[in-house]
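Report on one structure; see the data block that follows.
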There are 2 protein chains.
Amino acid sequence: ATEPTVDLAEAEEFLRLHHAENPELGPVEHRLAEVHAEVAATGTYRHTPDELTFGARVAWRNSARCIGRLYWRSLKVRDLRDLRDPKEIADECVEHLKLAANGGKVRPVISVFAPDEPGRAAPRIRNEQLIRYAGYVGSDGGVLGDRRNAELTEKAVDLGWRPPARRGPFDVLPLIVEREDAEPALVELPRDAVLEVSIGHPELPWLAELGLRWHAVPAISNMRLRIGGVDYPAAPFNGWYMGTEIGARNFADTDRYDLLPYLGKRMGLDTSSVQTLWKDRVLVELNRAVLHSFNEAGVTITDHHTESDRFLTHIKKEEAAGRSCPADWTWIVPPMSSGITSVFHRYYDKRELVPNFFPGDTRGVCPVIH
Amino acid sequence: ATEPTVDLAEAEEFLRLHHAENPELGPVEHRLAEVHAEVAATGTYRHTPDELTFGARVAWRNSARCIGRLYWRSLKVRDLRDLRDPKEIADECVEHLKLAANGGKVRPVISVFAPDEPGRAAPRIRNEQLIRYAGYVGSDGGVLGDRRNAELTEKAVDLGWRPPARRGPFDVLPLIVEREDAEPALVELPRDAVLEVSIGHPELPWLAELGLRWHAVPAISNMRLRIGGVDYPAAPFNGWYMGTEIGARNFADTDRYDLLPYLGKRMGLDTSSVQTLWKDRVLVELNRAVLHSFNEAGVTITDHHTESDRFLTHIKKEEAAGRSCPADWTWIVPPMSSGITSVFHRYYDKRELVPNFFPGDTRGVCPVIH
Ligand code: HEM
Ligand code: HEM
């Protein structure tokens with residue numbers, strides 16, 4: 001599952017970038033020679049801590065699908081490359097969540113575990129995000145919880161996870177960390193590692209009684225961080241939430257919590273025809289509820305209007321720094337009220353750059369945004 | 001402004017397509033030979049009426065930005081290729097609008113006027129759509145009417161148009177038809193050629209008092225229809241409206257009528273922060289008003305939910321017919337509540353096909369959706 005040896009051209013390009021953007025490091029030649037020698041001898045090379053930090057931040061900066069890149073320099077990088085043991089990795093993910101949640105003042109953090117090496121595949125985190133709610137498939141095909149995680153839930157049960165006696169729609173799944181030559185680790189997230197917000201609505205009191213909740217820290221854990229030709233398959237990272245991710249996707253998608261039909265009825269709307277725009281009305285109220293609840297709870301969240309403006313500021317700053325800013329319109333533009341956000345009304349540069357994050361099930365580098 | 005001679009490869013490809021999709025026409029060889037000879041002699045060729053009809057319909061079928069393609073076979077094609085006189089063309093555009101409006105039961109229609117020929121450029125319609133509302137720029141830079149048409153309004157005045165004594169936000173501009181070697185024609189649209197709908201809201205009675213209105217027939221008139229290598233620069237076409245075009249773009253865009261701030265205040269919403277999602281709430285109510293008003297008036301309109309489902313049906317039908325369906329995600333996905341429409345959750349084929357419609361200020365064929 002690993003590449004034979006590191007791509008030297010990609011390594012060199014990265015090292016040159018690192019030195020070019022950090023003039024205080026001086027000329028790159030010495031470091032290039034070092035890395036050439038190390039790759040010749042071992043097939044790979046080890047980033048300096050400074051390279052790792054820079055590389056992870058630039059990977060965020062290059063994430064064409066991410067609207068939240070204005071603060072890319074602020075990413076806190078945890079250097080945990082010496083960890084290869086699944087259980088130890090899972091434990092450090094727990095630590096990650098606490099650091100990131102920070103009592104509500106959410107901080108962008110990445111934890112970088114062991115990289116792939118020639119002949120030795122690194123461990124991988126099976127969960128798509130560090131915090132995922134179980135999806136229990138009933139005998140009728142209906143699902144209690146998050147339908148998206150049905151397979152992960154099954155996998156956890158196969159590995160010995162015992163769901164709570166009283167199953168609910170928001171049961172936090174255990175972490176599953178796998179390594180080719182080791183037993184997978186199954187580690188429950190302790191309650192104090194999972195900051196959550198109860199969802200209520202500023203004007204619809206009955207909404208709070210539904211028991212909806214969501215977690216504060218969105219930490220993607222199944223993407224491969226690639227820096228200078230080196231792959232880090234276990235490198236969970238988090239920002240804070242943009243409200244639409246929860247209100248317009250997690251709660252609304254028909255293959256997630258699919259709440260619109262129920263809420264439409266509870267709101268007393270005419271759901272006899274889509275032309276009444278009842279879905280659109282519920283969608284707005286659900287998103288108001290999410291933003292309102294996070295704000296009330298003192299948990300960092302952003303809205304799609306603010307974040308759109310920030311993203312355009314980010315592009316301006318990048319261009320002022322002489323860099324292009326790759327962006328994927330279909331991901332950057334928010335999934336609701338898109339026409340009235342500032343990011344809708346223009347096109348973006350489509351060339352992918354490295355360092356970057358890639359889907360966990362891919363290899364190498366993909367140069368084009370599709 | 002015209003190409004020297006018709007691209008024979010493109011002509012041939014089109015003729016083969018025409019015969020392949022219409023087996024009753026028999027083998028294509030005879031027609032190919034005819035066209036080869038005609039192009040050799042004149043630099044171009046004349047489509048048969050049947051080719052014109054087929055070509056225009058397939059141009060619609062290939063319009064990657066159009067969500068409304070399910071009914072592409074129903075396009076009514078008006079063969080007006082012998083008209084080159086600007087005034088006569090404008091008069092036939094008036095006729096087009098009446099046919100299309102059809103007392104409210106809107107019909108998709110295209111009127112094809114003279115094509116470009118080697119050494120003889122065809123007439124062009126200056127208006128972006130046949131019906132456009134004036135935008136009067138005040139001395140303070142403010143605009144009465146549709147800001148998008150400020151330049152066209154100025155142009156019309158330059159050509160001698162006299163705005164109404166009492167200028168309003170919905171003054172219909174005259175048609176302007178231009179030809180290199182002729183005086184431009186300036187023709188007012190008679191009242192009975194412009195079916196309009198007054199906008200009211202099912203629950204907010206004050207909205208009707210604002211005097212908002214919109215026209216029933218969206219007829220794009222500045223795109224170049226290209227069939228088998230022949231360009232028809234004046235070929236206005238119309239479908240019916242999807243509500244979001246009016247409610248989420250024309251009325252809402254900050255460089256159009258920019259109604260959200262005013263309506264937000266009138267609705268009594270807390271506009272102190274974008275986080276209250278007041279813009280999103282106004283947007284939904286405005287779009288409800290549009291759909292409601294067209295329905296009440298008995299004027300054809302579609303909503304973005306219905307149309308998204310229809311478009312996916314269209315793709316299925318195209319694929320069943322062995323064809324790919326080019327589509328531009330950024331245009332197909334509606335500008336509001338996009339995440340809860342069915343077209344959001346997939347990608348599309350990006351290869352552009354001909355025949356097609358191209359922006360009026362371009363030349364030739366563009367093979368990729370950007
Ligand atoms: C600081 C606040 C942040 C905000 C508000 C933010 C916002 C977003 C949003 C809204 C998306 C689209 C998600 C979806 O539709 O599923 C996204 C995607 C993404 N973001 Fe961010 N982000 C933030 C921080 C970060 C950080 C710290 C990183 C990496 C270090 C990052 C990397 C990415 C990547 C790689 C994707 C694409 C994920 C995929 O392909 O599934 N973001 N971001
Ligand atoms: C029958 C009902 C129709 C509906 C509901 C419909 C819907 C739409 C919508 C919503 C757009 C996007 C408009 C925008 O965002 O500005 C669009 C674009 C387009 N449609 Fe349709 N359409 C219809 C009929 C037609 C017809 C009859 C044709 C041609 C014969 C056509 C060709 C196009 C083209 C070329 C575009 C792109 C326009 C541009 O690039 O500015 N459509 N359509």
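Since the model is a prediction, treat every value here as computed from it, not as a measurement. So you know, we letter chains A, B, ... as the sequences are listed, proteins then strands, and number each from 1.
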Can you list the steps and then say if Ile67(A) with Trp331(A) is a side chain to side chain contact (heavy atoms under 4.5 Å, CB included)? CA-CA 8 Å; Ile67(A) 194 174; Trp331(A) 279 67; over 6 Å; no
Would you mind telling me which of Val333(B), Asp280(B), Val284(B), Val274(B) has the largest number of heavy-atom pairs within less than 4.5 Å of chain A? Asp280(B)
Checking Trp240(A) side chain against Pro218(A) main chain: does a donor-acceptor pair fall under 3.5 Å? no
For chain A, which residues of residues 300-310 of chain B have at least one non-hydrogen atom nearer than 4.5 Å to it? Ile301(B), Thr302(B), Asp303(B), His304(B), His305(B), Thr306(B)
What distance separates Phe358(B) CZ from Arg363(B) CZ, expressed to the nearest 0.5 Å? 13.0 Å
What's the verdict on salt bridge (charged side-chain N to carboxylate O under 4.0 Å, His left out) for Glu128(A) and Arg132(A), showing C-alpha distance, side-chain angles and the deciding distance? CA-CA 8 Å; Glu128(A) 184 185 37; Arg132(A) 295 279 79 177; 3.0 Å; yes
Which one wins on heavy-atom pair count under 4.5 Å against chain B: Lys279(A), His292(A), Met336(A), Arg288(A)? Arg288(A)
Identify the residues of residues 249-264 of chain A whose heavy atoms come closer than 4.5 Å to a heavy atom of chain B, ordered by number, or report 'none'. Arg249(A), Ala252(A), Asp253(A), Leu260(A)
Validation row: Glu196(A), Val299(A) side chains within 4.5 angstrom (heavy atoms): no
Quick one about Thr276(B) and Asp270(B) (side-chain donor to acceptor, distance below 3.5 Å, no hydrogens or angles considered), yes or no? no
Measure across Val106(B) and Ala216(B) and return the closest heavy-atom pair with its distance rounded to 0.1 Å. CG2-O, 4.3 Å
So, His215(B) versus Tyr241(B), ring centres under 6.0 angstrom or not? yes
Assess, by modelled atom type and distance only, whether the side chains of Asn295(A) and Gln275(B) contain a donor and an acceptor separated by less than 3.5 Å. yes
Contacting region of Pro334(B) [heavy-atom separation from chain A under 4.5 Å]: backbone
Between Thr341(A) and chain B, with a heavy-atom cut-off of 4.5 Å, which part of the residue counts as in contact: side chain, backbone, both or neither? neither
For each of Ala248(A), Gly339(A), Gly243(A), Ser337(A), tally heavy-atom pairs with chain B at distances under 4.5 Å, and name the one with the top tally. Ser337(A)
When you compare the side chains of Thr362(A) and Arg224(A), does any donor N or O come within less than 3.5 Å of an acceptor on the partner? yes
Measure His345(A) against the heavy atoms of chain B and call it side chain, backbone, both or neither at under 4.5 Å. side chain
Does the pair Arg148(A)/Asp146(A) count as a salt bridge with the N-to-O cut at 4.0 Å? no
Indicate yes or no for a side-chain donor-acceptor contact from Asn149(A) to the backbone of Gly135(A) under 3.5 Å, with no hydrogens or angles considered. no
